[in-house]
Structures are given as structure tokens and as C-alpha cells.
Amino acid sequence: MSALRAYPRFITIEGGEGAGKSTVLHALRDALAGESEVVCTREPGGTPLAERIRGLLLDPGHEPAAADTELLLVFAARAQHVREVVIPALERGAWVISDRFTDSSYAYQGGGRGIAAERIAALEHGYVGIEPALTLLLDLGVAQGRDRARARDAVPDRIEAEHDAFFERVRAAFLERAAAHPARVHVIDAARAADVVAADAVRAVQSLRVPA
Ligand code: Z5A
């Protein structure tokens, strides 16, 4: 398998539902603003076509998606997002901060749905080809994350409607990714107050060695 290209200004934020990814993304955008262009984006989504795929993925109104269908949908959205938004922005020297990226596929489709990591890696190397320089993994207990998300969303989407055991497997898979990639993945205890979590995230980004 060909190596993934790591871009020094590519940052991803990962974690379970309600972990505070959007909150941290806003703090990073503010911290980096003024330095150079900052592109904030998300997965699944980030382009009009990829957002349509996100809608299909999260819609509870159709028959249950087979695990392989889910996997191919997230990678179809990612292939479009990477080519249309992420690589062009990185090539022109912008920072790119993405709310979720390929680690989420290892966690949700791998840990959650039980798809073998080798099959996910084949898609990652075949159709994505890049990885972040830094991934901030916001780690939070499942019950706490669900309480936060429920306080915000009246109706759960198709994945949010899964049982706690699914989210426990997702959390364990994220932590396994962090253990396997210690130089890239920075684990942050997301159970603390939002401003403390955001300050940790900003410090981690400031410690990145980025060529001028
Ligand atoms: N998915 C997948 O299966 N495979 C893939 O490859 C990818 C994604 C890329 C949509 O993702 C779904 O896609 C997701 C995985 C799947 N399904 N699930 N579950 P998403 O990121 O759009 O959805 P989400 O995980 O449900 O995100 P979220 O609930 O919006 O979480 P968040 O962005 O991490 O949290 P937040 O909006 O910043 O905060 C949630 C609430 O908590 C909000 O009211 C905040 O004010 C509050 N908050 C935030 N931080 C704190 C702290 N520190 N203390 C107290 N309260 C806080």
C-alpha cells in the first residue's frame, strides 16, 4: 500500500457524539485567524455533493443501511471532499480543520459495525491518500456525550439512534487509533469545562512544527 501524505497544516477533530468537536473547531479557527487562511469543514460533508451523501447516511427514514453500504457512503463523500476542498486548500497554504475524517471510519464502521481495519485501510490508501499532521481526539464517556447531544437535538439521526454498546465500541476504537498513532493523535479529556478543553486543543496546535 502506498504511504499516506501528511500535510503539516491539516488538523482533524475526532470523538463520539456530544464530545465538543464543533466547540473546539470554533476555538481553533479563532486562534489561527489572522495567521493565514483557515478552512473549517466537516465529514461526512464539506461539499454540496458530499452533504447530499451525508443526508443519505444519517436519514432514519429508509431501510437499515448494510455496514458495507455505510462504509462506501462515507468514503464516497470523503473522496469528493478531499479532492474538492481539502487538498486544494492545503496546496494553496491554508490551514484546514476538519470536524471528523478517516479516524471516524475506523471507529464507527470498524469498531462500531465490525468491518475489518484492513478493508478500511484499503479505501483510505486507494481513494483518500492523505492524513492530518494532528488529530485531536476528544475523549468522553458515552453517557455524558449522549446527555449533551440529547440536550441539543430533539430527534436522533440514524447513527445517534444506536445503542450504548455501539458507542462503547466506537470509543474503544478511537482510543486504539490513538495508541497506534501516538505522534499524530493527541487525546484530550473532554469531560472538563469547554474553555479548558478548548485551551488544550489550542496548545496542541500551537506546538505543531509547521514550515513557514
Ligand atoms: N460518521 C461515520 O459513521 N463515519 C465516518 O467516517 C464519519 C462520520 C466521518 C455525524 O457526525 C455522524 O457521522 C456521526 C458519526 C458518523 N454519528 N454519530 N453519532 P457529526 O460529527 O456531525 O455528529 P455528532 O458526532 O453527533 O456530533 P455532535 O453531537 O454535533 O458532537 P460535537 O460536535 O462533538 O459536539 P458539540 O456540538 O460541540 O457539543 C455538543 C453539545 O455539548 C453542545 O450543546 C455544546 O454546547 C455542549 N458542550 C460542548 N463541549 C462541552 C463541555 N466541555 N462541557 C459541557 N458541554 C459542552
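In each ligand, atom 1 is the first atom listed, and ligand 1 is the first ligand listed. Values below: every heavy atom of this structure, side chains too, minus hydrogens, waters and symmetry copies.
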For [atom], what is the nearest protein heavy atom, given as residue, atom name and distance?
atom	result
atom 25 (O) of ligand 1	Arg100 NH2, 2.4 Å
atom 56 (N) of ligand 1	Arg148 NE, 3.5 Å
atom 12 (C) of ligand 1	Leu58 CD2, 3.9 Å
atom 8 (C) of ligand 1	Pro44 CD, 3.5 Å
atom 31 (O) of ligand 1	Gly18 N, 3.1 Å

Problem set entry | Contact check, Phe167 vs ligand 1, heavy-atom distance below 4.0 Å |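 Within the 4.0 Å threshold, so yes.
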
For this session: Look at ligand 1 and say whether Glu70 reaches it with a heavy atom at a distance under 4.0 Å.
Result: no

Exercise. For Val197, is at least one N or O under 3.5 Å away from an N or O on ligand 1?
Worked result: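 In fact, backbone or side chain, Val197 has no N or O that close.
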
Problem set entry | ligand 1 to Ser22 polar contact by distance, N or O atoms, under 3.5 Å | yes

For this session: Using heavy-atom distances, let me know which of Glu43, Arg54, Gln109 sits nearest atom 4 (N) of ligand 1.
Result: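 Among Glu43, Arg54, Gln109, the closest heavy atom to atom 4 (N) of ligand 1 comes from Gln109.
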
For this session: Could you name each residue pair satisfying ring pair (Phe, Tyr, Trp, His ring centres under 6.0 Å) that touches residues 9-43, not counting sequence neighbours?
Result: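 Found Phe10-Phe101.
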
For this session: Kindly write out the residues that satisfy side chain to side chain donor-acceptor pair (under 3.5 Å) with Arg42, not counting sequence neighbours, or none if the list is empty.
Result: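 Glu51.
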
Exercise. Salt bridge check: are Glu14 and Lys21 linked by an N-O gap of less than 4.0 Å?
Worked result: no

Problem set entry | Pairing of Arg5 and Glu131 as salt bridge, 4.0 angstrom limit | no

For this session: Any chance you could lay out the side-chain contact (heavy atoms from CB on, under 4.5 Å) test for Asp147 and Gln144, step after step, and finish with the verdict?
Result: CA-CA 5 Å; Asp147 285 349; Gln144 204 175 345; 5.6 Å; no

Exercise. Any protein heavy atom lying closer than 4.0 Å to atom 46 (O) of ligand 1?
Worked result: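 Given the 4.0 Å limit, the answer for atom 46 (O) of ligand 1 is no, no protein heavy atom qualifies.
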
